[in-house]
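In what follows, chains are A, B, ... by sequence order, proteins preceding strands, each numbered from 1. What you see is a predicted model, and the numbers here were worked out from it, not measured in a lab.
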Amino acid sequence: MKKPLKDVLRDACERAIKGGELVSTTLPPLFLSVPKEAEHGDLASNVAMALARGERRPPRAVAETIVRHILDPAKILAEVTIAGPGFINFRFAPSYWWRCLADCERAGETYGHSRVGEGARVQIEFVSANPTGPLHVGHARGAVTGDAIARLLSATGHAVEREYYVNDAGNQMEMLGASTYARYMELCGRPVPFPDEGYHGDYVRDVAGAIRAAEGDRWADTDADAARAYMRDRAGAMLLDAIRDDLTTLAIGFDAYVSERKLREDGAVDATLDALDARGVVYDADGARWFRSTEFGDDKDRPLVKSGGEFTYFGADVAYHRDKLARGFDRIIDVWGADHHGHIPRMKAALTALGLDAARLEVLLVQVVSLTRAGVPVRMGKRSGSFVTLREVVEEVGADATRFFLLMRKSDAQLEFDLDLAKQRTTENPVFYVQYGHARVASVFRQATAAGVAGDAVGAADPSRLVETEELALIRVLAQFPETVEQAALEREPHRVVFYLMQLAGDFHRYYNRTRILGEDRELTRARLLLAANVQKVIRVGLRLLGISAPDTM
RNA sequence: GCGCCAGUAGCUCAGUUGGAUAGAGCAACGGCCUUCUAAGCCGUAGGUCAGGGGUUCGAAUCCCCUCUGGCGCGCCA
């Protein structure tokens, strides 16, 4: 919607400069905004105010000069006015909106998609939870956010790969093995002490039970270390499978699962350590090996190898990120829990130290989710093992509502998720409100078909029959969809799409309530069906970008 | 103590390079179904944008200080 007008405006400014009526030689970035007040038109520019200082003239006078040079070869404008402190307000001609509707119709299910990404290879890594237990709600937010951003990036012409980094090595896994072993032995009637920092969740017992069901008591008589190692691997594999299943219920999949253990076994971690060492940023102290990250802006040096000889999590993670960049992505995006924000400087420092371009790594922080039930907080605590799992939430409120609610807020802001609200099938629940908009149009079309109207190639209807203010306003909202998608993708902010859909659904419900779509006038009916069909389509495409279904009946 | 993020209507939150009279949903109050799904719509009310200073034609937005909340500052991951 903005682009054609931006061209007209730029053209006018340049002509004014060429004619010597503006002394500025460069233009500020042309920025068109949608005014809050309808009387201010469809789009407004503040360019005159931005230029006024350099011109040494009042903004309104600068605006007059620019307006005088506006040509409108395509006849898209109905009105151009100067208002307030120096805004130039534009109002589009109805014919422009009719053209927008036709464009929308023609674009089909790819309306809103674009090529701004120019085929850039982007990798997005998300979830990456340790396979030591089921996913909880916090993981779910990262999962849904990463997935939605991946969908947005694909729709805007990026070549996207989704990756899950499996932390299947290290201390936590050993703890899982020991915990599972202890539960297993318990079930065999030969209890051993439960590890101090072990995993207390009931799922460990379930996993141990499943192993025992498949293999009997034979591990009870095996060497304890060997048994623990076996339990670690079996439990890890089973829990990773469970995680995949959980993600599948949320319509989330990955192109690759990369194993930390494999990375270690392949020598990638050693090689990375050597590479850092070769650059002279590694030193030994207190029996450990340290990375001199303070030289690269971190506030502390960080250990890469523990005094026991094991790599730290950080050490392995540096190797993983080096590997990702080596795979040739133009950009790698990490979705992290906000409690990891302190890790960004050290990771960037390590990449810089390795001679890599740290700017290619982008870290998105996802803040915590607090669950409530009718306003009452649901207690969560991982340590106690009583956290609320992703599965429980999805089973209670459904995948669509889970995704919608987790995407309603900017990802770096804390989010309150009211389970009672999410499962309500009433007007208060925004996800049903939006989906209902889609279903409602489907219902109108069922009626239209019964009346023998829908068969008349609605796509070929004449948009110029749509003359009501509300109809043109609705088309305007449709016309804003492509730039909403683009912005959401480039800013990595899926919540913009959520808000857009709530607005579109609201505008449509309002229109529906006042205006009868199926009427006596056949041509008008067809034009309104065209409009309704495109509203429905944009809701559908928008929901698809969020990974949410668009039902025809509710 | 240092660092990061936040503080906008009773509640949950939007607010696009700094722009016009700060918005939405819910909750509250009052209306609308013989007509395409009332799972909807219309109206009313609701504000010291945490507080104070600064920058400028203009600040919720940028800078500084204070207060409040969350998180981080492990040879845990």
Side-chain angles (χ1 to χ4, degrees), chain A residues 28-37 39-40 44 46 49-50 52-53 58-59 83-87 89 129-130 132 167 170-173 175 197 260 285-290 299-300 302-317 337-345 365 367-368 370 372 375 408-410 412-418 421 424-430 432-433 435-437 439-448 450-451 483-484 487 491 493 495-496 498-499 502-503 506 508-519 525 528 532 553-554:
Chain A
L30 294 181
F31 180 69
L32 293 166
S33 59
V34 179
K36 277 170 283 204
E37 299 289 322
E39 307 117 51
H40 294 148
N46 66 344
M49 291 182 282
R53 180 192 293 243
F87 287 100
N89 292 335
N130 293 2
T132 54
N167 295 114
N171 215 11
Q172 300 303 314
M173 289 304 289
M175 208 50 81
E197 305 274 313
E260 178 187 353
D286 305 325
R289 309 207 73 190
W290 297 74
D299 49 10
K300 251 176 219 183
R302 308 291 171 180
L304 295 160
V305 183
K306 305 182 204 173
S307 51
E310 276 287 299
F311 287 108
T312 60
Y313 168 81
F314 174 62
D317 214 21
D339 54 342
H340 287 58
H341 72 256
H343 296 230
I344 298 173
L365 297 177
Q367 269 288 2
V368 295
S370 57
T372 62
M408 265 199 306
R409 306 295 175 225
K410 226 178 342 187
D412 59 355
Q414 297 186 13
L415 179 153
E416 184 168 306
F417 187 152
D418 194 310
L421 177 60
Q424 269 181 47
R425 301 178 173 251
T426 66
T427 165
E428 296 122 61
N429 185 346
F432 283 95
Y433 185 76
Q435 288 181 317
Y436 181 49
R440 204 167 216 183
V441 177
S443 172
V444 172
F445 268 86
R446 284 191 292 272
Q447 293 288 331
E483 53 217 42
T484 301
Q487 281 272 318
E491 303 291 330
E493 293 185 337
H495 77 279
R496 290 169 182 267
V498 175
F499 278 88
M502 291 196 283
Q503 193 202 328
F508 176 70
H509 287 311
R510 200 166 304 121
Y511 172 67
Y512 174 91
N513 233 265
R514 285 187 195 161
T515 315
R516 215 178 144 80
I517 294 172
L518 305 175
T525 295
R528 286 180 172 168
T553 56
M554 292 179 71

Which part of the nucleic acid, if any, lies within reach of [X] when heavy atoms closer than 4.0 Å are counted: base, sugar-phosphate only, or nothing?
X	value
A:Thr372	nothing
A:Ala83	base
A:Arg510	sugar-phosphate
A:Ile344	nothing
A:Ala439	base
A:Pro29	base
A:Arg53	sugar-phosphate
A:His509	sugar-phosphate
A:Phe499	sugar-phosphate
A:Asp286	base
A:Asn46	base

Name the closest nucleotide to the [X] side chain, picking from [options].
X	options	answer
A:Asn513	B:G70, B:C41, B:A77	B:C41
A:His341	B:G3, B:U16, B:A39	B:G3
A:Gln447	B:A77, B:C42, B:C36	B:C36
A:Phe31	B:C36, B:U17, B:U21	B:U17
A:Ala413	B:A14, B:A77, B:U35	B:A14
A:Lys300	B:C73, B:A77, B:C71	B:C73
A:Pro303	B:C75, B:U16, B:G70	B:C75
A:Gln172	B:C76, B:C36, B:U16	B:C76

Starting from [atom2] on [N], measure out to [atom1] on [X] and report it in whole angstrom.
X	N	atom1	atom2	answer
A:Leu365	B:G70	CG	P	19 Å
A:Gln424	B:G40	CD	C1'	16 Å
A:Met408	B:C11	CE	C1'	13 Å
A:Arg496	B:C13	CZ	C1'	15 Å
A:Gln503	B:C41	CD	P	14 Å
A:His495	B:A14	NE2	P	6 Å
A:Leu421	B:C11	CG	P	17 Å
A:Tyr433	B:C13	OH	P	21 Å

Exam field: side chain [X] to backbone [Y], donor-acceptor pair closer than 3.5 Å:
X	Y	value
A:His341	A:Ala338	yes
A:His40	A:Ala83	no
A:Asn429	A:Leu421	yes
A:Thr312	A:Val305	no
A:Arg409	A:Gln414	no

Check your understanding: Just wondering, do A:Phe432 and A:Met554 contact through their side chains at under 4.5 Å, heavy atoms?
Key ->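 They are in contact (side-chain heavy atoms under 4.5 Å apart), so the answer is yes.
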Review point. Do A:Asn171 and A:Glu197 come within less than 4.5 Å of each other through their side chains, counting heavy atoms only?
Key: no
Mind checking who [N] pairs with, Watson-Crick or G-U wobble, both distances under 3.5 Å?
N	answer
B:U44	B:A28
B:C33	none
B:C4	B:G70
B:A20	none

Exercise for review: Using the C1' atom on both, measure B:G69 against B:G30 and round to a whole Å.
Suggested key: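 Result for the C1' pair: 38 Å, nearest Å.
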Practice item. Using the P atoms only, state how far B:A9 lies from B:A24, rounded to an integer number of Å. Key: 14 Å
Review point. If you measure from OG1 on A:Thr515 to CZ on A:Arg528, what distance do you get to the nearest 0.5 Å?
Key: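 Interatomic distance, A:Thr515 OG1 to A:Arg528 CZ, rounded to 0.5 Å: 5.5 Å.
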Classify the side chain of [X] and the base of [N] as holding, or not holding, a donor-acceptor pair under 3.5 Å.
X	N	value
A:His343	B:A77	yes
A:His340	B:G72	no
A:Asp339	B:A77	no

Check your understanding: Can a side chain N or O of A:Lys410 be found less than 4.0 Å away from OP1 or OP2 on B:G15?
Key -> yes
